[in-house]
Each structure stands twice: as structure tokens, then as C-alpha cells.
Number of protein chains: 2
Amino acid sequence: MTQKKDAKNKKQQILDAAEYEFLTNGYEATKTTQIAKRAGVTHAMLHYYYQSKENLFNKIFEDKIETLKAPIDALAQNKDIDLRDRIREIIELHFDFLKTHPDLPHFLINEMRSNPQLIKILREKVGDTLRGTFATIQTEIDEYVAKDIMKPISAFDLFLDIVSLNVFTFISLPIFRHIAYNEEKEQQLIENRKKEIIQTINYRILK
Amino acid sequence: MTQKKDAKNKKQQILDAAEYEFLTNGYEATKTTQIAKRAGVTHAMLHYYYQSKENLFNKIFEDKIETLKAPIDALAQNKDIDLRDRIREIIELHFDFLKTHPDLPHFLINEMRSNPQLIKILREKVGDTLRGTFATIQTEIDEYVAKDIMKPISAFDLFLDIVSLNVFTFISLPIFRHIAYNEEKEQQLIENRKKEIIQTINYRILK
DNA sequence: AGATTGTTAGACAAATTTGTTTAATACTCT
DNA sequence: AGAGTATTAAACAAATTTGTCTAACAATCT
């Protein structure tokens, strides 16, 4: 039952290779032969462990949904910090999360677009948490607005503003990458965007 | 040489079908047989007119780049209106453009990601215009900033803020669509986003 | 040592996909 | 009427892709 030999067992290697291929190329453009090649195993092994391409993809997709849950759960936990500081923290957390997972948004959006069934899966996994968080934050916002220290905004709009600005930074990066001439400059460009996004949201909500 | 029969000649029908299929499913997931089926012609006709799938795709891609040039050129023409009003106009123009072409951003981003050669083509077609426009607008911004009627911002950041917010509205629409229960509510949701985006940018730049 | 599991290499089948070709027919123009 | 173009239907080839299967060997466990 247990794996033998080297720590990095073949089953995991296949999963890692599949993750790379699916996230880089999407479902359709990914070939199982290429996954096997990247994993350094024979093509037969892939089917031995994961039966089908679709099954292997679903494993990756579900794993990526789990990955996405982390920042959403972080959003949900109501820390005892001034809302305005917390929003700034959330932006930074989400932005840094994307820095670690730059291909994730495009992967999810792309696959959900070509297979709407996957949208349902996402909603089942994070829908409730998200709705609850929106409700909580909306209450907080309204309190701050009543105290005249915040501009009115719906939690949904605020969420979408932040996600739009953060996600699009990384979705559009392949297109704007050439503006930065080396890795260091690119990191600088990314950090500049982060500051700009925080500033934009702050101007949007602070009075 | 000329086409005969009905106005909607087969050659054009194939192009239309290809546009639909490529924009909806992307290059890899699109099958030439499906294009032929949608166009209502035999599979042989597709190759008769367009030789190969790749050739047909390139036609569509270049056509979509041309489509994208419209709002970029609109951005370039320096109308004699107060910058602050012009920015608002640009946001609305771009947003409404996306309403008419909701699949365009995802299509371009997706295909450029899987084929970086296409990024070069985009840059060749719109790079110069965009750089020039950025320079012009930056000068204007700086004047307004000097007069203390605008907050400082780089033209590039402003551009990216607007594009991020506008584009992500439509990229994420398939995921958030269920929030609206019918077509009317969906249009309402979209119009609300438009207002929110204008507001956000205004707070970001106006003093 | 024997049983079980992991692994390879390779052959193979079935389906799909792209692209070509041919023969026949219809339409359009001069 | 005849030439040329548009179009269909269908057969076909070649390549790719997914998936199965088998025979052999290696590693591990009991």
C-alpha cells in the first residue's frame, strides 16, 4: 500500500507534473504524454495511478480550489483590528498570495469558462464562507460610515475592486513583462503595483 | 473571383463561425469540424478557403487586434475637454466597448499566454500608440497636479487601474453571473459596477 | 523465500483530428 | 453554351492522443 524507494515517489511526481502542465497550458492543450515525460515516468504509470486524464485534472482542480480557500478563510476570521487597517492587510495578503500563485487565477477562470460545472464546485466550496464574510464586513463598513470615517461602499464592490486590481496585475503580467528588463525590475514593477492598489482602495474608502 | 449567391457567402460564414468557436473555446479546444458545422458548410470548404486551422486562427486573432485598436485610438485623440472629464469618458467608453466584446479580453490574454509570439504582434500593433498616449497624458496629469487639482499618479498606473477594474468585471462575470437571477438583473449588476469603477477612479485622481 | 506492489518498455487498439483528394453537381459570368 | 468557380459528399491518409495490456524486472514486506 505504501510507496517505496525515494521520498519523491512517482505518484507525487506525476501529480506535480500534471499541476505544472495544466496550470501552464490548460486542460485541452495538456497532453498526458507530456505530463509523463515531465514526471520522468512512463506513460503507463499515469494511467496506473490516475486512470484518466480527466480524473487527474479533477485532482489538480480540487487541489487548487483548496489553495484558494486559504486567503478566503483568512478574510473570514474577524481579527480585532480597525477595519481600515484590516482592509489594507487583506489587500497585501491577497496580493502576496497571488505572487506565490501567479498562474492560479488564469487557470481557474479559464477552466471554469470552458466547463461551467467547475463554477458550481467553486461555489460549493467557498460560496457560504464568502457570503458570510460579506455580511459581516458590510455591517462593519456601515458602522464606520455612520461614524463618518469611511465612504459608503458595498462589501461586494469593495471585494471586486480589490480582487480586480490584484488579480489583473498577474493576469496581464505576461503582456507587460517586457517593460521590466530583468527579474529585479519586474519585482519592482510588481511592488509598485501593490502600493498603487493599496492607495487606490484607501482613497476609495477612507474619508 | 467574386462570391455569388446569398449575401452571407460561405467564406464569411466560416470566418464568423471560427470567430465564435475560437473566442468561446480557445485555439486548442476548437475543432475545425465544429467550425464547419457551425458555418453550415462541409469540412472541405474550410480548407478550401483557409488552408489550415492555424491560418484561420491568425485571421481571427489579427481581426481581434484590430477591434482592440478602436478604444486605444480613441484614447490617443486629444480632445479639448478637461482631463478629469476625459478620463471619465475614457472609462465609460472602454467599459461599453467591453460590454460589446465581453469575450475579447479573455481570448487575447489566453492565446497570448499559450503563444507568446502573439504578444509581439500585439505590441507591434498598439505599442507605439500606447506609449505616445501615456506620455501625452502624463504631461497633462502633471500640469493638473501642479495646479493642485489632481492627485499624483503615473499614466501607466492609471491605465492599469482602469483596465483592471473594467476588464475583470467581464472576465469574472461567468463566475458571478448566478448572483443576478435574470438578464435584467445582470445588466443592472454590470451598470452598478460601471458606476463603482468611475467612482473609484475619481476618488483616486481627484482632489 | 514468497507474495505483493511498483515500474519499465513496448506493442497495440480505438477514437479524434487535420488535411487532401476526387467525382459530381450547381451556380455565375461572359 | 462554355468556362470557371463554388459546393457537396465521401473516401482516405497521417498524425496524435488516450487508454489498455502484457512480460519482465525491481523493490519491499511478512
Side-chain angles (χ1 to χ4, degrees), chain A residues 1-63 107 110-111 114-115 117-118, chain B residues 1-63 107 110-111 114-115 117-118:
Chain A
M1 201 60 57
T2 54
Q3 308 296 324
K4 55 187 165 185
K5 231 184 183 175
D6 35 14
K8 295 172 195 169
N9 60 70
K10 303 284 177 180
K11 194 173 177 182
Q12 186 60 42
Q13 279 171 247
I14 293 169
L15 212 57
D16 293 345
E19 175 178 325
Y20 180 88
E21 293 294 329
F22 282 133
L23 263 82
T24 307
N25 307 318
Y27 182 82
E28 279 291 339
T30 293
K31 310 303 167 191
T32 54
T33 45
Q34 177 56 26
I35 295 176
K37 197 176 164 189
R38 175 170 295 274
V41 302
T42 52
H43 160 225
M45 283 305 288
L46 190 146
H47 292 287
Y48 175 70
Y49 279 126
Y50 297 101
Q51 294 79 51
S52 71
K53 178 185 175 183
E54 202 188 344
N55 187 42
L56 184 50
F57 173 82
N58 288 337
K59 287 250 183 317
I60 300 298
F61 186 83
E62 276 160 36
D63 179 61
F107 169 74
N110 199 34
E111 301 305 333
S114 53
N115 181 3
Q117 186 57 37
L118 301 177
Chain B
M1 200 55 62
T2 54
Q3 307 296 323
K4 54 187 163 183
K5 229 184 182 176
D6 35 13
K8 295 171 193 169
N9 61 70
K10 304 284 177 181
K11 193 173 177 183
Q12 186 60 42
Q13 279 172 248
I14 293 168
L15 212 57
D16 292 345
E19 174 177 327
Y20 181 89
E21 293 293 329
F22 281 132
L23 262 82
T24 308
N25 307 318
Y27 182 81
E28 280 289 339
T30 293
K31 309 303 168 191
T32 53
T33 46
Q34 176 57 25
I35 294 176
K37 198 177 164 187
R38 174 169 297 275
V41 301
T42 52
H43 159 225
M45 282 304 289
L46 191 145
H47 292 289
Y48 175 69
Y49 279 126
Y50 297 101
Q51 293 80 52
S52 70
K53 178 185 175 182
E54 203 187 343
N55 186 42
L56 184 51
F57 173 83
N58 287 337
K59 287 250 185 316
I60 301 296
F61 186 83
E62 276 161 35
D63 179 61
F107 169 73
N110 200 32
E111 302 305 333
S114 52
N115 180 2
Q117 186 59 36
L118 300 178

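Naming: A, B, ... by sequence-line order, numbering from 1 per chain. Please read all numbers here as calculations on a predicted model, not as lab measurements.
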A:L46 atom CG is separated from C:dA9 atom C1', nearest whole Å, by 16 Å

B:F57 CZ to C:dT17 P, in whole Å, measures 18 Å

In whole angstroms, the gap separating C1' of D:dA6 from NZ of B:K11 amounts to 12 Å

Check the phosphate of D:dT8 against B:K10, side-chain N and O only, distance under 4.0 Å to OP1 or OP2. Yes or no?
yes

In this structure, CZ of A:F57 is separated from OG1 of A:T32 (nearest 0.5 Å) by 14.5 Å

CD1 (A:I60) and CG (A:D16) are apart, to the nearest 0.5 Å, by 8.0 Å

**Request:** Answer yes or no: does a side-chain N or O of B:Y49 lie under 4.0 Å from OP1 or OP2 of D:dT7?
**Result:** yes

For residues 45-58 of chain A, the salt bridge (charged side-chain N to carboxylate O under 4.0 Å, His left out) pairs (sequence neighbours left out) are none

Between CE of B:M45 and P of D:dT5 the distance, given in whole Å, is 14 Å

Heavy atoms of B:R38 and B:A17 approach each other most closely as CG-CB, 3.6 Å

Interatomic distance, OH@B:Y49 vs CG@B:L56, rounded to 0.5 Å, equals 13.5 Å

Taken to the nearest whole Å, OH/B:Y50 to P/D:dA6 is 12 Å

To the nearest 0.5 Å, atom CG of A:L46 lies from atom CD of A:Q13 at 12.5 Å

Between protein and nucleic acid, restricted to nucleotides 21-23 of chain D and to nitrogen or oxygen atoms under 3.5 Å apart, what atom pairs and distances do you find?
none

To the nearest angstrom, the CD-C1' distance between B:Q51 and C:dT21 comes to 15 Å

Hits for side-chain contact (heavy atoms from CB on, under 4.5 Å) against B:N25, two or more places apart or cross-chain, chain-then-number order -> B:E21, B:A29, B:T30

Hits for salt bridge (charged side-chain N to carboxylate O under 4.0 Å, His left out) against A:E19, two or more places apart or cross-chain, chain-then-number order -> A:K64

When rounded to whole Å, the NZ to P distance for the pair A:K53 and D:dT18 reads 5 Å

Taken to the nearest 0.5 Å, the spacing of A:E28 CD from A:N115 CG works out to 10.5 Å

Ordered by number, residues from residues 22-42 of chain B within less than 4.0 Å of DNA chain D (heavy atoms) are B:G40, B:V41, B:T42

Item to check | Side-chain N or O of A:Y48 closer than 4.0 Å to phosphate OP1/OP2 of C:dT7 | outcome: no

note: B:E54, atom CD; C:dT18, atom P; distance rounded to Å ~ 12 Å

Are more than 12 heavy atoms, taken from residues, nucleotides or ligands other than A:K59, located less than 6.0 Å from that residue's NZ atom? no

So CD of A:E111 and CG of A:L23: to nearest 0.5 Å the spacing works out to 8.5 Å

Rounding to the nearest 10°, end axes of the helix from C:dA1-D:dT30 to C:dT30-D:dA1 built from five pairs each make an angle of 20°

